[in-house]
Amino acid sequence: MRWMNVRKTYPNQWLVIEAVKAHSAKTKRVLDKISVLESCNDGVSAMQQYRKLHKKYPEREFYFVHTSRSRLDIYERQWLGIRRGHATSAQR
């Protein structure tokens, strides 16, 4: 499904979505095809659902968004350093 169709189907709602097909273009993530996983009452519950899904399936690409946005402007950030949980402890 494309974002324009999602907005028509779920007007003025918080959603948890998954990028089924996506690519990077310069500093943005472009979602070519998305799937709506859940509709939520507010942003807090959407973020909580996003966290649960991301923890369970870390390799998948989830987002929580509101359909009032005319475009999905998702900027990619380059992570510097080590994320907690990915570092190995030093042996003495």
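No hydrogens, no waters, no symmetry mates; every other heavy atom, side chains included, goes into these values. Along the sequence shown, residues carry numbers from 1.
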Trainee: Is there a side-chain contact (heavy atoms from CB on, under 4.5 Å) between Ile34 and Lys21 once you walk through the steps?
Mentor: CA-CA 7 Å; Ile34 59 178; Lys21 184 178 178 187; over 6 Å; no

Trainee: Does anything in residues 69-78 pair up under salt bridge (charged side-chain N to carboxylate O under 4.0 Å, His left out), and if so which pairs, sequence neighbours excluded?
Mentor: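 Pairs touching residues 69-78 that pass the test: Lys28-Asp73, Arg71-Asp73.
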
Trainee: For Arg60, I'd like to know if atom CZ has over 12 heavy atoms of other residues, nucleotides or ligands within 6.0 Å.
Mentor: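 Yes, CZ of Arg60 has more than 12 neighbouring heavy atoms, counting only those of other groups under 6.0 Å.
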
Trainee: Can you see which heavy atom on Arg29 is nearest to which on Ser24, and at what distance?
Mentor: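 What the structure gives for the nearest pair is NH1-OG, 3.0 Å.
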
Trainee: So which atom in Asp42 and which in Trp14 form the shortest heavy-atom distance, rounded to 0.1 Å?
Mentor: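 Smallest heavy-atom distance, with atoms named: C-CD1, 3.5 Å.
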
Trainee: Going from CG on Leu53 to CD1 on Ile17, what distance comes out if it is rounded to the nearest 0.5 angstrom?
Mentor: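 One gets 12.0 Å once the value is rounded to the nearest 0.5 Å.
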
Trainee: Of all the heavy-atom pairs spanning Ser45 and Cys40, show the shortest one and how long it is.
Mentor: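 Scanning both residues completely, I find the closest heavy atoms to be OG-CB, 3.4 Å.
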
Trainee: Rounded to the nearest 0.5 Å, what separation is found between the OG1 atom of Thr9 and the CE atom of Met4?
Mentor: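 Thr9 atom OG1 to Met4 atom CE measures 11.5 Å (nearest 0.5 Å).
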
Trainee: Please check this pair: side chain of Thr67 against backbone of Tyr10, looking for a donor-acceptor N/O pair closer than 3.5 Å.
Mentor: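 Flag set: sc Thr67 to bb Tyr10 pair under 3.5 Å.
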
Trainee: Quick one: do Leu37 and Tyr63 end up in the same hydrophobic cluster if we chain Ile, Leu, Val, Met, Phe, Trp and Tyr together by side-chain heavy atoms under 4.5 Å apart?
Mentor: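 No.
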
Trainee: With rounding to the nearest 0.5 Å, note down the distance linking CE in Met1 to NZ in Lys8.
Mentor: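 Between Met1 CE and Lys8 NZ, I get 11.0 Å after rounding to 0.5 Å.
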
Trainee: Which atom pair, heavy atoms only, marks the closest approach of Val30 to Ala25?
Mentor: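 That closest heavy-atom pairing would be CG2-CB, 4.1 Å.
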
Trainee: Applying the 4.5 Å side-chain criterion to the ILVMFWY set and letting contacts propagate, would Tyr57 and Met47 be lumped into a single cluster?
Mentor: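 Per the 4.5 Å side-chain linkage, Tyr57 and Met47 are co-clustered.
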
Trainee: Does Glu61 reach the side chain of Leu31, with side-chain heavy atoms less than 4.5 Å apart?
Mentor: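 With C-beta onward as the side chain, the pair touches.
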
Trainee: Report yes or no: do Ile74 and Trp3 belong to one cluster of Ile/Leu/Val/Met/Phe/Trp/Tyr joined by side chain heavy-atom distances under 4.5 Å?
Mentor: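 Both belong to a single hydrophobic cluster.
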
Trainee: Return the orientation label for the Phe64 and Tyr50 ring planes: parallel under 30°, perpendicular over 60°, tilted otherwise.
Mentor: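 Answer is tilted, since the angle falls between 30° and 60°.
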
Trainee: I need the Glu18 CD to Lys33 NZ distance, nearest 0.5 Å.
Mentor: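 Nearest 0.5 Å value for the CD-NZ distance: 11.0 Å.
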
Trainee: For the side chain of Arg2 and the backbone of Asp32, is there at least one donor-acceptor N/O pair under 3.5 Å apart?
Mentor: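 It does hold such a pair.
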
Trainee: Gln13 and Ser39: side-chain hydrogen bond (donor to acceptor under 3.5 Å, both in side chains), yes or no, with the steps?
Mentor: CA-CA 7 Å; Gln13 294 183 43; Ser39 175; 2.4 Å; yes

